[in-house]
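Everything on this sheet refers to the single structure shown next.
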Amino acid sequence: KDLAFVVDDNVESFEILKEIKKTGGKLLTEVNVFDIYKGDKLDSSKKSIAYNLTFEDYTRTLTEEEVMNIFANIIKSVESKFNATLRDK
């Protein structure tokens with residue numbers, strides 16, 4: 001699953017990454033930053049940071065509902081802690 005947040009320019013990607021990992025729990029097995037964007041589509045004091053999240057359980061198949069619940073919790077947590085907004089594609 002991919003997602004991108006628009007945050008203040010002074011927010012570091014690793015801080016958000018730590019929050020994503022903490023909120024994602026044991027089913028979130030990998031998180032990678034794949035894009036950081038600053039430009040004319042955003043306010044000059046903002047940037048967009050995009051992440052790729054991998055969810056896995058080696059003992060069973062995860063349901064879409066399970067993954068989406070965790071995904072929603074991650075979004076809520078990052079938005080709250082970093083005053084972030086989810087970026088539309």
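Counting from 1, the numbers follow the sequence of the chain as shown.
When all heavy atoms of Val7 and Ala84 are compared, the closest pair comes out as CG1-CB, 3.5 Å. The heavy-atom pair separating Ala4 from Leu86 by the smallest distance is O-CD1, 3.4 Å. Here the closest heavy-atom approach between residue Asn52 and residue Phe34 is recorded as N-CD2, 3.7 Å. Across Val31 and Tyr51, no two heavy atoms sit closer than the pair CG1-CD2, 4.0 Å. Residues Val11 and Phe82 come closest through the heavy atom pair CG1-CD2, 3.8 Å. Ile70 and Thr23 get closest at one heavy-atom pair: CG2-O, 4.5 Å.
The CG atom of Leu62 sits 5.5 Å away from atom CG of Leu27, with the distance rounded to the nearest 0.5 Å.
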Begin with the C-alpha distance, continue with both residues' side-chain angles, and end with the deciding distance and a verdict on salt bridge (charged side-chain N to carboxylate O under 4.0 Å, His left out) for Asp8 and Lys46. CA-CA 5 Å; Asp8 289 336; Lys46 302 283 186 181; 2.7 Å; yes

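Under a cut-off of 6.0 angstrom, the local environment of NZ in Lys38 is crowded, with over 12 non-hydrogen atoms contributed by other residues, nucleotides or ligands.
Remark: side-chain polar atoms of Lys26 are not paired, donor with acceptor, to backbone N or O of Asp57 under 3.5 angstrom. Between the side chain of Thr29 and the main chain of Thr54, a donor-acceptor pair closer than 3.5 Å is present.
Lys22 pairs by the salt bridge (charged side-chain N to carboxylate O under 4.0 Å, His left out) definition with Glu19, not counting sequence neighbours.
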